[in-house]
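Input: a single structure, listed below in structure tokens.
Every chain is numbered from 1 and lettered A, B, ... according to where its sequence line falls, protein lines coming before strand lines.
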Number of protein chains: 4
Amino acid sequence: MLKLSRNERNDIVKRRLFKAAADIVGEMGYAEASVARITARAGVAQGTFYTHFPNRQDLLDRLLPELGQDMLAFIKARIDTGADARAQEEQRFRAFFDYLAEQPGFLRVLNEAEIFAPEGHRRHIDNIARNYVSLFRRGRAAGEIGDFTDAELEVVAHIFMGARGYLGQRYAGGGSGAPAHVMSAYSKLVGGLLFRAGGDKRRTT
Amino acid sequence: MLKLSRNERNDIVKRRLFKAAADIVGEMGYAEASVARITARAGVAQGTFYTHFPNRQDLLDRLLPELGQDMLAFIKARIDTGADARAQEEQRFRAFFDYLAEQPGFLRVLNEAEIFAPEGHRRHIDNIARNYVSLFRRGRAAGEIGDFTDAELEVVAHIFMGARGYLGQRYAGGGSGAPAHVMSAYSKLVGGLLFRAGGDKRRTT
Amino acid sequence: MLKLSRNERNDIVKRRLFKAAADIVGEMGYAEASVARITARAGVAQGTFYTHFPNRQDLLDRLLPELGQDMLAFIKARIDTGADARAQEEQRFRAFFDYLAEQPGFLRVLNEAEIFAPEGHRRHIDNIARNYVSLFRRGRAAGEIGDFTDAELEVVAHIFMGARGYLGQRYAGGGSGAPAHVMSAYSKLVGGLLFRAGGDKRRTT
Amino acid sequence: MLKLSRNERNDIVKRRLFKAAADIVGEMGYAEASVARITARAGVAQGTFYTHFPNRQDLLDRLLPELGQDMLAFIKARIDTGADARAQEEQRFRAFFDYLAEQPGFLRVLNEAEIFAPEGHRRHIDNIARNYVSLFRRGRAAGEIGDFTDAELEVVAHIFMGARGYLGQRYAGGGSGAPAHVMSAYSKLVGGLLFRAGGDKRRTT
DNA sequence: AATGAATGAGACTTCATTCAT
DNA sequence: CATGAATGAAGTCTCATTCAT
């Protein structure tokens, strides 16, 4: 069937615009994502943009939350739900790098969104943090996670997000997942091995 | 206080331009730091800008490395060099939040630089990472830090930077240092307590 | 109530578009009367506009002449045909203000039409002027109006229209007819030389 | 001296922009007075506009008050201050038509300003009305004008302005002053009751 | 060295009109 | 007849940079 209904056609163009914007932001950043460039890449006239989005900012604000859902789904599909909390966090971390290998632009969208699409950024960060905290609480209930208050768990979630972000930025260039030493360091640290400080309760055990 | 290179020290106008730019970026972000605004705040004509800097980007790229040195000096002055590695990292983290309370614009410069002054951002990140790694190696030599290769230490450095950045972003609003639960969570995690996974060697000890 | 030509009488959509346009122009002016807004208010699609009018300007040009006929009918219904010419002009002037109180948008249409619908404006002005002149000639024949040539009567008609327009603009805001001092000033001035009505002192000469 | 100081150059460009705008509005109306057209006629780049005016509307708002002052000066220079009030009003009316002959665009600026530069229009109307009223009051004090309250004098001022505007619109096309029959009709009508000049028949009563 | 007016490319957005459905 | 997505020209304004003074 070559002929599409008006509704289908409409959706296709909207999706093309969205995709074009995501690609451009991933490649060149929000600042280069002008309406002219987006519509050019989508193959439509500039005016067409405004039949699908009220303005440029609106599209930019939708970008990260949408891609963030993609990422979450991608990661969730790679988790062994039978594993313990620590193993799952390692799987999540590895899956994050795998996602970056598939969607090299994601990190750029993530980082720049804070500036160019603050509304969308906040929404995304909240999504991820909530997701993390709920996982942590389940782990805590299962006795797999130490003594952390709820407020502290939120802090931990932000640490993990920060680690992801900075490590992705630094080490995801290769296009083929997390390098071995990044995995090992992350695992050791997050798993609780970095310091052998005096006050560590486990040592007294 | 901005420290400019030797040649610049006596150049009052140049210093004023630099200060004006730093203030503007801290308050409103790089995007608002137009040459017109910078020169207006510095109290000189627009053309004067170009007798001191080859172009706008050049000044923007110098911003973060310069401010980063300030931050490093601030933190270093607050470290008890006699303490062990873990205690020192806690001091560094606390000092970072204290610095943010004093220089609320720093985080903005840091975050936006990645986008608007990538050259300067890379320089800054390398500075901090190098600094961290050299501290870690000293700790490792003293037996205060576990089994990490040099490459892994660099990974840890990025994790710490990421944690700082994201936690600062989320919790530094108050203007009066790190909240207690942020400190405690950071301490527990970084100190090695989050997971009680089965394979943890220390548990078998 | 809009009276459309015979062909249009049964065309509900066309009438709705016309009414919508008149309302919008009255409320916000011609500049805001975009096809999008007119069709939205009429509750039809944009494209539908062009099945009823060849283009936007065509509708705009019909607006004032149509509304002008309304106004004329409104005024005519309030004239005591038995009164002398001067009294009738006072009634007309008062009725004009009453019309403005009922149709506050009319003045806006009238004033802006000169710019945005010059063709329609010319037609309207000619209508009103012709109307005036024919009244004046009847008055002159009845000896109620002084020595004016036909060409001069046209001049007087324009003066009256100008007076109406400017006074309406300045004093019709209240929404309740002509203020007393406006009526009295108009009456004194206009009554001056044009009419030789009974109360005129010169007649005693 | 071919070389001008910067200040002089600056003023010249600003004046050229202003003149260009006035000419364009006079010829084609405010709607056609785009920044592109104004700067093109002034022979400068579009951006130059904004070094002299904060925005397009600002220039448009200055247009009528400025031209209105010109007109007032033009008229004042043609008044015989020794003549009585009625003769002076006739001179003013004739001078107004002479001004229109010299500045054919003025009427367009005047009429359209109400819509496109309402701020400037209000200022102009107030100027003229105040001017008229002060003349009337002097005439009333000198016994040359009949029984009108202050509020009524303002009404009369608006009638005169309206008459000027509509008559100018209708009869000023020729480019050579007021046609004889326009003058005579105006004179008869306006002379009617407002003024009690020496030749007034009623005085002999 | 300092000035600041001038430049012109490029950004976002609106809108009358067309045309395939 | 009705629809409404698509078009593309045109509008206002910003801004880094240059250059004559």
Taking the nucleotide of DNA chain F with the closest heavy atom to each, which residue, D:E32 or B:F49, is nearer the 5' end?
D:E32
Protein-nucleotide distance (A:F53, atom CZ; E:dT14, atom C1'), rounded to Å:
18 Å
Could you give the CG-to-P distance, from D:L59 to F:dC13, as a whole number of Å?
11 Å
Could you let me know what E:dA1 is paired to, Watson-Crick or G-U wobble, both distances under 3.5 Å, or none if it's on its own?
none
Rounded distance in Å - CD1 (B:I24) to P (F:dA16)
11 Å
Would a line drawn from the ring center of C:F116 to the ring center of D:F116 be shorter than 6.0 Å?
yes
Among E:dA2, F:dC13, E:dG4, the one nearest any side-chain atom of D:N55 is F:dC13
Whole-Å distance, C:Y30 OH to E:dT14 P, equals 24 Å
Nearest nucleotide by nearest heavy atom, which residue falls closer to the 5' end of DNA chain E, B:V44 or A:G47?
B:V44
Need the pair for E:dA9. Rule: Watson-Crick or G-U wobble, both distances under 3.5 Å, any strand; none if unpaired.
F:dT14
In this structure, how many angstroms lie between the P atom of E:dA1 and the NE2 atom of B:H52, rounded?
7 Å
Rounded interatomic separation in angstrom, taking CD1 from B:I12 and C1' from E:dA1:
14 Å
Have a look at C:T48 and say if it touches a base, only the backbone sugar-phosphate, or nothing, with a 4.0 Å heavy-atom cut-off.
base
Between C:T51 and D:Y50, who's closer to the 5' end of DNA chain F by nearest nucleotide?
C:T51
Salt bridge flag under 4.0 Å for residues C:D126 and C:R122:
yes
Selection from E:dA11, F:dT17, F:dT12 that lies nearest to any side-chain heavy atom of D:V35
F:dT12
Could you check whether any side-chain N or O of A:R16 sits under 3.5 Å from a backbone N or O of A:A42, counting only pairs where one atom can act as donor and the other as acceptor?
yes
Between F:dA16 atom C1' and B:R37 atom CZ, what is the distance in whole Å?
15 Å
Find the distance D:D11:CG to E:dG4:C1' and express it as a whole number of Å.
14 Å
Are A:E66 and A:R123 within salt-bridge range, i.e. N to O under 4.0 Å?
no
Picking from E:dT13, F:dT17, F:dA6, which would you name as closest to the side chain of A:R56?
E:dT13
Looking at E:dT17, which nucleotide sits across from it as a Watson-Crick or G-U wobble partner, both distances under 3.5 angstrom, or is there none?
F:dA6
Is any NZ, NE, NH1 or NH2 atom of the basic residue among B:R108 and A:E114 found under 4.0 Å from an Asp or Glu carboxylate oxygen of the other?
no
